[in-house]
Amino acid sequence: MAAQKIIIDTDPGQDDAVAILLALASPEDIEVLGITAVAGNVPLELTQKNARIVCELAGRTDIPVFAGCDRPMNRPLVTAEHVHGKTGLDGPTLPDPQMPLQDRHAVDFIIDTLRAEPEGTVTLCPLGPLTNIATALRKAPDIAARIRRIVLMGGAYFEVGNITPAAEFNIYVDPEAADVVFRSGIELVVMPLDVTHRALVTGPRNAAIRAIGTPVAEAVADMTDFFERFDKAKYGSDGAPLHDPCVTAWLIAPDLFTGRHINVEIETTSPLTLGMTVADWWGVTDRPKNATFIGDLDSDRFFALLTERLARL
Ligand code: RIB
Ligand code: CA
């Protein structure tokens, strides 16, 4: 099968970085047309810088990186330095990027690319708040029919929230944008905390990555060593949850994952549950099924794939 053409929309973030590296290490499965940065884990000026740092770490300065929206559609930005550190990529010491940031706005790159590529051939892979994606859909409604599908990290149901009791960070930061995407009618594959909290970088798994012995592997191991503090302290988990790499791993090996095609809607008004993904997992309503909501993965095979692919860089 030909490599899947994708655009990665991202707010790096250590887990975003691993997702990008996994994609760039898998040219037989994935062709990255471009990377669009959005404000999220840290402000936009850092997420666009971090995206370029990761491309240079992978030796892929040919990948165009674009800056997108610097705040949510209708509300102030909420960031997550408490999880990712001040730079967003705390852990390893990585050089400032030399590759240029593209002049075009990320939203225009998304629109232009979808109009230029054959209909139904480009997959969008949002790894942060959905601001860029929703803004592109609002600015150019014609692109909706041209998108092959959207495979995103966001939401939570049985796992409940990580930024509030009810909401996961990516959806919480821009719930109106998420509502646009979840109501768009575009095929959605959703990686919520329900599955990403099962993709834990335990000590042995991180040691296996570090044992690869390359600069990329060293940087990833240092990132996860930093990134795991928050989840270990909060959940007592046995390592960092690799949220965003679940998106790129699904593109490569969807059989690692299991989920259900269900209705998922976004809370956009209640202050108590703002940003909650209300997932009709048990089919108790007749609301239209709009998303494949992933609930589990084979974590050993996931980490075997990740380790094998990272060793290529
Ligand atoms: O809630 C986890 C998500 O929020 C991940 O994408 C992480 O990078 C942050 O963006
Ligand atoms: Ca992210």
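Whatever order the structure lists them in is the order used to number ligands and atoms, beginning at 1.
With respect to the salt-bridge test (charged N to carboxylate O, under 4.0 angstrom), the residues Lys232 and Asp238 do not qualify. Remark: Arg146 engages Glu119 in a salt bridge, criterion side-chain N to carboxylate O under 4.0 Å. No salt bridge links Arg115 with Asp108; every basic N to acidic carboxylate O contact stays at or beyond 4.0 Å. Ion pairing between a basic and an acidic side chain is recognised when a charged N comes within 4.0 Å of a carboxylate O; Glu308 and Arg312 show such pairing.
Of all the N, O or S atoms in Asp11, the one closest to the Ca ion (ligand 2) is OD1.
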Taking it one step at a time, do Thr131 and Asp174 satisfy side chain to side chain donor-acceptor pair (under 3.5 Å)?
-> CA-CA 6 Å; Thr131 317; Asp174 200 339; 2.7 Å; yes
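Centred on the Ca ion (ligand 2), the angle running from Asp244 (OD2) to Asp16 (OD2) is recorded as 70°, rounding to 10°.
Not a single N/O/S atom of Asp15, whether from backbone or side chain, sits less than 3.0 Å from the Ca ion (ligand 2). Here Leu127 meets the criterion, with an N, O or S atom under 3.0 Å of the Ca ion (ligand 2).
Every residue two or more places apart in sequence or in another chain was checked for a ring pair (Phe, Tyr, Trp, His ring centres under 6.0 Å) with Phe182, and none qualifies.
Within 4.0 Å of ligand 1, protein heavy atoms belong to Asp11, Asp15, Asp16, Asn41, His84, Leu127, Met153, Asn162, Glu168, Phe169, Asn170, His243, Asp244, listed by chain and number.
Ring geometry for His82 against Phe230 counts as perpendicular: the plane angle is over 60°, on a 0 to 90° scale with 30° as the lower cut.
Side-chain contact annotation: Asp15 with His243, donor-acceptor N/O pair under 3.5 Å absent.
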